[in-house]
Chemist: 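This is the structure, below, for whatever I ask next.
All residue numbers in this chain count up from 1 along the given sequence.
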Amino acid sequence: MKRVQMRTSAFAAVVVIAGSALAACGSGSTGGDSGSSSTKAGGGAENAKVAFLMPDLASTRYELQDKPLFEAKMKQLCPSCTVIYQNADSDAAKQQQQANSALAQGVKAIVLDPVDSAAAATMVKTAQSQGVAVIAYDRPIPATPADYYISFDNEKIGNMIAQSLVDHLKKENIQGGLLEVNGSPTDAAAGLIKKGIHSAIDPSGFKLLAEYDTPDWQPEKAQTWVSGQITQFKDQIAGVVAANDGTGGGSIAAFKAAGVKVPPVTGNDAEPAAAQRIIAGDQYNTISKPIKIVAEASADVAYQFMQGKKPAGKTTLYNTPSQLFVPTVVTKENIKAVLFDSGIMKASEVCTGEYAKGCADLDIK
């Protein structure tokens, strides 16, 4: 119980810090000319348009959380403003077309979660040449600095999920090696998560049996790869470090399809399906990074750019002013406090059917 209380306090601290960051951002610098064409577009934001361009449908969060939360915050900040939402469905060329279309419609800012972080550099250059600010969202754009970057600390996320798993395996004296299921090779955020994972498992004493960069974060591709590793390594697999809930779910499906015991598997994003798997004992952990924090922060920053202001970053990453929020690891031990007592999830939506008993056992109601 004591550990749950400590983690709940940490979660509350994150929310307080995030709220302070948003307040500070709201009073951000509107100082002199920076030389960037995207910060010279003065004028009010009344009746302005902003593009919100998301990368894929493989993660359910974009349609269910990011989009409505961003739209709601923008409506609060600027009732007369219009949000142009598009999802590229893992197609970088399609996202380029969506960005061009948004520019043609006269947007004053673009919030961009890139399919391909390298290819997104062209979108940044094109937008900035037209005086339109680009806010990199969730995934950074290393090659060409965007005007701002808002995300949770992805390298920290990788370290946290992997270290949590390593600590659990050592505590339970579980022997064997690890599989590492990374995210998309074209996603710079996935690269940061991967770096964080290695920072935890490389010195852990556990052998890395194999690792895989999952194209487009597709759960089915993660499942296929893990199935092959089960055939090769059999009972040598002590755990799986998966970079998000989708790849974690695919990994778990592979073990179930093979008819063997599912080892501890990590995740990230705190999707409802992942919460159900944790409650059922199929998934060991996930990461709670309340989308509301980053969605509202990006709306706030975009609105400032739309007004011709230049919000100050809290730190710098890839030569880009940035806000990086710290998330919380979620396991069965603290899932009630972090996800349900906090209001992030509703028991009525998660504790259904076969998961009702598990929820009752954890006093989730």
Side-chain angles (χ1 to χ4, degrees), residues 53-67 86-98 112-120 137-141 151-152 154 157-158 161-162 178-197 208-233 237 239-258 262-263 265-278 282-287 289 291:
L53 307 182
M54 296 295 100
D56 63 65
L57 297 171
S59 297
T60 60
R61 51 167 285 196
Y62 298 115
E63 301 289 316
L64 299 180
Q65 298 183 66
D66 299 75
K67 174 183 180 287
Q86 295 287 339
N87 190 302
D89 196 14
S90 302
D91 187 332
K94 182 177 181 179
Q95 190 168 62
Q96 176 72 70
Q97 294 169 355
Q98 292 170 344
L112 174 65
D113 194 339
V115 173
D116 185 320
S117 296
Y137 181 84
D138 196 31
R139 304 174 181 179
I141 304 172
S151 180
F152 282 89
N154 287 296
I157 286 172
I161 59 175
L178 302 175
L179 297 180
E180 181 177 340
V181 186
N182 302 309
S184 173
T186 63
D187 177 357
L192 292 171
I193 293 172
K194 180 178 180 178
K195 182 179 178 182
I197 289 172
L208 180 59
L209 299 173
E211 68 176 301
Y212 175 66
D213 294 340
T214 310
D216 299 325
W217 293 91
Q218 290 291 333
E220 297 82 3
K221 293 177 181 178
Q223 180 177 346
T224 298
W225 181 78
V226 171
S227 294
Q229 307 315 302
I230 294 171
T231 300
Q232 180 176 352
F233 296 108
I237 303 170
V240 180
V241 185
N244 78 340
D245 290 333
T247 55
S251 301
I252 291 167
F255 284 97
K256 290 193 170 186
V262 180
V265 177
T266 72
N268 162 35
D269 284 337
E271 294 182 350
Q276 291 176 326
R277 290 193 294 268
I278 290 174
D282 289 331
Q283 184 168 321
Y284 177 66
N285 71 21
T286 187
I287 284 282
K289 44 182 187 182
I291 304 304

Chemist: Nearest 0.5 Å please: distance from the CD atom of Gln232 over to the CG atom of Leu209.
Modeler: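 Separation between the atoms: 8.5 Å.
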Chemist: Only one of Val226, Asp216, Val181 clears side chain to side chain contact (heavy atoms under 4.5 Å, CB included) with Lys221; which?
Modeler: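 By the side chain to side chain contact (heavy atoms under 4.5 Å, CB included) criterion, Lys221 pairs with just one of Val226, Asp216, Val181: Asp216.
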Chemist: Using distance alone, with no hydrogens and no angle criterion, decide if Gln95 and Asp116 have a side-chain donor and acceptor under 3.5 Å apart.
Modeler: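 Their side chains do not contain a donor-acceptor pair, so the 3.5 Å distance test is not met.
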Chemist: Quick one: does Gln98's side chain have a donor or acceptor within less than 3.5 Å of a partner on Asn87's backbone?
Modeler: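 A pair under 3.5 Å: yes.
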Chemist: If you look at every heavy atom in Ala188 and Ser117, which pair is closest and at what distance?
Modeler: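 Where Ala188 meets Ser117 most closely, the heavy atoms are N-OG, 2.8 Å.
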Chemist: What pair of heavy atoms forms the shortest contact from Trp217 to Ala58, and how long is it?
Modeler: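 Looks like O-CB, 4.4 Å.
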Chemist: Where the side chain of Asn244 meets the backbone of Gly246, is there a donor-acceptor pair that is under 3.5 Å apart?
Modeler: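 Answer holds: yes.
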Chemist: Just jot down the side-chain contact (heavy atoms from CB on, under 4.5 Å) partners of Ala253, sequence neighbours excluded, or say none.
Modeler: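 Ala253 satisfies side-chain contact (heavy atoms from CB on, under 4.5 Å) with Gln223 once adjacent residues are dropped.
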Chemist: Counting distance only, does the side-chain N/O of Arg277 pair as donor-acceptor with the main-chain N or O of Gln283 below 3.5 Å?
Modeler: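 A pair under 3.5 Å: no.
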Chemist: What's the separation between atom OH in Tyr62 and atom CG in Asp269, rounded to the nearest 0.5 Å?
Modeler: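 Atom-to-atom, Tyr62:OH and Asp269:CG are 7.0 Å apart.
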Chemist: How far apart are the closest heavy atoms of Ala189 and Pro140, and which atoms are they?
Modeler: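 Ala189 and Pro140 have their closest heavy atoms at N-CD, 3.6 Å.
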Chemist: Could you check Val240 against Gln229 for side-chain contact (heavy atoms from CB on, under 4.5 Å), going step by step and ending with a plain yes or no?
Modeler: CA-CA 11 Å; Val240 180; Gln229 307 315 302; over 6 Å; no
Chemist: What's the verdict on side-chain contact (heavy atoms from CB on, under 4.5 Å) for Asp138 and Met54, showing C-alpha distance, side-chain angles and the deciding distance?
Modeler: CA-CA 10 Å; Asp138 196 31; Met54 296 295 100; over 6 Å; no
Chemist: Is Asp56 close to Ser184 at the side-chain level, that is, under 4.5 Å between some pair of heavy atoms?
Modeler: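 They are not in contact (no side-chain heavy atoms under 4.5 Å apart), so the answer is no.
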Chemist: Among Asp213, Thr247, Asp187, whose side-chain hydrogen bond (donor to acceptor under 3.5 Å, both in side chains) with Asn182 holds?
Modeler: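 Answer after filtering Asp213, Thr247, Asp187: Asp213.
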Chemist: Do you know which two heavy atoms are closest between Asp66 and Tyr137, and how far apart they sit?
Modeler: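 So the two residues come closest at OD2-OH, 2.7 Å.
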Chemist: Quick check for you: to the nearest 0.5 Å, what is the distance between Ile193 atom CD1 and Asn154 atom CG?
Modeler: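 Reported value, rounded in 0.5 Å steps: 4.5 Å.
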Chemist: Report the distance from atom CG of Leu112 to atom CZ of Arg139, rounding to the nearest 0.5 Å.
Modeler: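 Reported value, rounded in 0.5 Å steps: 10.0 Å.
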Chemist: Please report the closest heavy-atom contact between Ile237 and Phe233, naming both atoms and the distance.
Modeler: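 So the minimum-distance heavy-atom pair works out to CG1-CB, 3.9 Å.
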Chemist: Assess the residue pair Leu179 and Trp225 against the criterion (side-chain contact (heavy atoms from CB on, under 4.5 Å)); give the C-alpha distance rounded to whole Å, side-chain angles, the decisive distance to 0.1 Å, and a yes or no.
Modeler: CA-CA 10 Å; Leu179 297 180; Trp225 181 78; 4.2 Å; yes
Chemist: Taking the side chain as C-beta and beyond, is there a heavy-atom pair between Asp282 and Gln276 under 4.5 Å?
Modeler: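 In short, these two side chains do not touch, never coming nearer than 4.5 Å.
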Chemist: Whether the side chain of Thr214 engages the backbone of Pro219 through a donor-acceptor N/O pair (distance < 3.5 Å, no angle test) should be reported.
Modeler: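 No, the answer is negative, given that no donor and acceptor are paired below the 3.5 Å cut-off.
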Chemist: Between Ala88 and Lys94, what is the shortest heavy-atom contact and its length?
Modeler: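 Taking every non-hydrogen atom into account, O-CD, 3.5 Å.
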Chemist: Quick one: side-chain contact (heavy atoms from CB on, under 4.5 Å) partners of Thr224, sequence neighbours excluded?
Modeler: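 Partners of Thr224 under the side-chain contact (heavy atoms from CB on, under 4.5 Å) test: none.
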Chemist: Look up atom OG1 in Thr286 and atom CG in Asn268, then write down how far apart they are to the nearest 0.5 Å.
Modeler: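 Here the rounded value is 6.0 Å.
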Chemist: Dump the intermediate steps for salt bridge (Lys or Arg N to Asp or Glu O under 4.0 Å) on Arg61 and Asp245, then the final yes or no.
Modeler: CA-CA 11 Å; Arg61 51 167 285 196; Asp245 290 333; over 6 Å; no
Chemist: Under the criterion side-chain contact (heavy atoms from CB on, under 4.5 Å), I'd like the reasoning laid out for Ile287 against Ile161: C-alpha separation, chi angles, the key distance, then a yes or no.
Modeler: CA-CA 7 Å; Ile287 284 282; Ile161 59 175; 3.2 Å; yes
